[in-house]
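Hydrogens, waters and symmetry mates are skipped; everything else that's a heavy atom, side chains included, is used. Indexing begins at 1, ligand by ligand and atom by atom, following the structure's order.
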Amino acid sequence: MITNVAILASGNGSNAENIARYFMSIPTVKISLIMTNNQKAFVLQRARNLGIPCAYFSKEFWQDGTVVLNLLQSYNIGFVVLAGFLARIPDIILKAYPQRMINIHPSLLPLHGGKGMYGDRVHEDVLRCGDKESGITIHYTSEVYDAGQIIAQYRCEVKTDDTPDTLATRVHALEYEYYPKVIERLLSS
Ligand code: GRF
């Protein structure tokens with residue numbers, strides 16, 4: 001049986017593309033849809049290049065959720081992956097995908113998470129706090145930002161001469177390596 005997966009992303013979409021490419025060689029998983037809340041997001045271009053259907057929804061549509069949910073259901077989406085998605089997920093969609101919607105956060109939650117903690121702000125906060133390690137957290141989504149049940153965490157060193165950029169590069173490498181594998185594991189269990 002094939003699981004149709006949707007990826008939600010708000011910006012660059014390098015994780016979305018990495019995941020899409022990973023599953024091209026796995027016949028039981030199909031990345032069927034990429035959605036964004038940002039009309040200018042580069043992920044839209046990536047989706048077109050990959051030949052994956054993509055859709056943009058304005059803030060009003062996201063907040064209501066009904067049309068978004070209808071689209072997910074019309075593609076028979078069984079699993080939803082958030083990869084750099086910055087809007088709150090409406091309750092109607094959360095309820096439709098219990099334990100079937102996951103997110104990635106570029107720190108070791110509960111450290112450096114919560115509303116407003118995204119992108120470079122996370123890495124700046126890690127450096128400001130003088131943490132010796134950082135990493136990624138993959139977790140189920142919930143009504144509260146970055147607070148859903150943790151599925152997996154992977155760690156990397158924080159170097160004394162790190163900048164937010166150098167740390168982000170190390171954290172991204174963990175994301176590229178592990179996010180597709182965790183998705184594959186969840187879909188096969
Ligand atoms: C990633 O670091 C992810 O952990 C965070 O947002 C970033 C998205 O990067 N939630 P990209 O758009 O996949 O390049």
Side-chain angles (χ1 to χ4, degrees), residues 5-24 31 33-50 52 54-57 62 79-89 93-94 97 101-129 131 133-159 162-184 186:
V5 174
I7 302 178
L8 275 54
S10 299
N12 180 20
S14 66
N15 275 284
E17 177 164 354
N18 179 57
I19 293 164
R21 290 194 182 282
Y22 181 91
F23 284 106
M24 278 173 186
I31 307 303
L33 184 63
I34 291 181
M35 294 202 288
T36 186
N37 62 334
N38 174 6
Q39 213 166 4
K40 295 185 179 151
F42 188 61
V43 72
L44 287 170
Q45 187 58 49
R46 291 183 192 268
R48 286 186 208 107
N49 294 345
L50 290 159
I52 297 173
C54 53
Y56 155 74
F57 284 105
W62 276 111
F79 197 85
V80 179
V81 171
L82 276 56
F85 187 70
L86 299 180
R88 192 183 166 279
I89 305 293
I93 298 179
L94 283 172
Y97 290 93
M101 185 182 299
I102 64 172
N103 183 39
I104 190 163
H105 186 80
S107 77
L108 298 171
L109 290 174
L111 300 174
H112 316 291
K115 195 166 173 15
M117 268 295 168
Y118 59 87
D120 273 354
R121 293 187 195 183
V122 177
H123 307 303
E124 281 160 9
D125 205 44
V126 169
L127 296 177
R128 191 181 54 76
C129 292
D131 294 4
E133 60 174 11
S134 189
I136 61 171
T137 303
I138 296 165
H139 64 91
Y140 289 108
T141 52
S142 72
E143 316 73 49
V144 184
Y145 277 103
D146 300 328
Q149 183 195 337
I150 291 176
I151 300 162
Q153 291 186 308
Y154 300 93
R155 291 160 195 277
C156 65
E157 181 190 3
V158 176
K159 299 187 178 169
D162 262 334
T163 64
D165 272 359
T166 59
L167 180 55
T169 302
R170 205 171 304 120
V171 169
H172 258 122
L174 288 178
E175 296 181 335
Y176 299 151
E177 179 170 3
Y178 291 110
Y179 205 12
K181 288 179 186 159
V182 170
I183 296 166
E184 185 180 14
L186 291 172

Handout entry: ligand 1 atoms in contact with Ile104 (distance to a heavy atom under 4.0 Å)
Key =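 Ligand 1 atoms under the 4.0 Å threshold to Ile104: 3 (C), 4 (O), 10 (N).
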Exercise for the section: Find all atoms of ligand 1 within a distance of less than 4.0 Å from any non-hydrogen atom belonging to Asn12, and give their numbers and elements. Expected result: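 Result: 12 (O), 14 (O).
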When only distance counts, is [X] in polar contact with ligand 1, meaning an N/O pair under 3.5 Å?
X	result
Asn15	yes
His105	no
Ala83	no
Glu175	yes

Is it true that a side-chain atom of [X] and a backbone atom of [Y] form a donor plus acceptor pair closer than 3.5 Å?
X	Y	answer
His105	His112	yes
Trp62	Arg88	no
Thr36	Ala41	no
Ser107	Val122	no

Problem - Heavy-atom nearest option to atom 14 (O) of ligand 1, drawn from Pro106, Ala9, Ser14, Ser10 - result: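 Considering heavy atoms of Pro106, Ala9, Ser14, Ser10, the nearest to atom 14 (O) of ligand 1 sits in Ser14.
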Exercise for the section: Can you pull out the closest protein heavy atom to atom 9 (O) of ligand 1? Residue, atom name and distance to 0.1 Å, please. Expected result: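 The protein heavy atom lying closest is His172 NE2, 3.4 Å.
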Handout entry: Closest approach of any protein heavy atom to atom 6 (O) of ligand 1, naming residue and atom
Key =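 Among all protein heavy atoms, the one nearest atom 6 (O) of ligand 1 is Gly84 CA, 3.4 Å.
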Problem - Heavy-atom gap Gly13 to ligand 1 smaller than 4.0 Å - result: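 Heavy atoms of Gly13 do come under 4.0 Å of ligand 1.
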Exercise for the section: Under the salt bridge (Lys or Arg N to Asp or Glu O under 4.0 Å) rule, what do Asp162 and Lys159 come out as? Steps first, then yes or no, please. Expected result: CA-CA 5 Å; Asp162 262 334; Lys159 299 187 178 169; over 6 Å; no
Practice task
Verify whether one side chain among Thr141 and Tyr97 offers a donor that lies under 3.5 Å from an acceptor in the other.
Solution key: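 Absent: no donor and acceptor within the cut-off.
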Problem - Donor + acceptor pair across side chains of Glu184, Tyr22 (<3.5 Å) - result: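 Glu184 vs Tyr22: donor-acceptor pair found between side chains.
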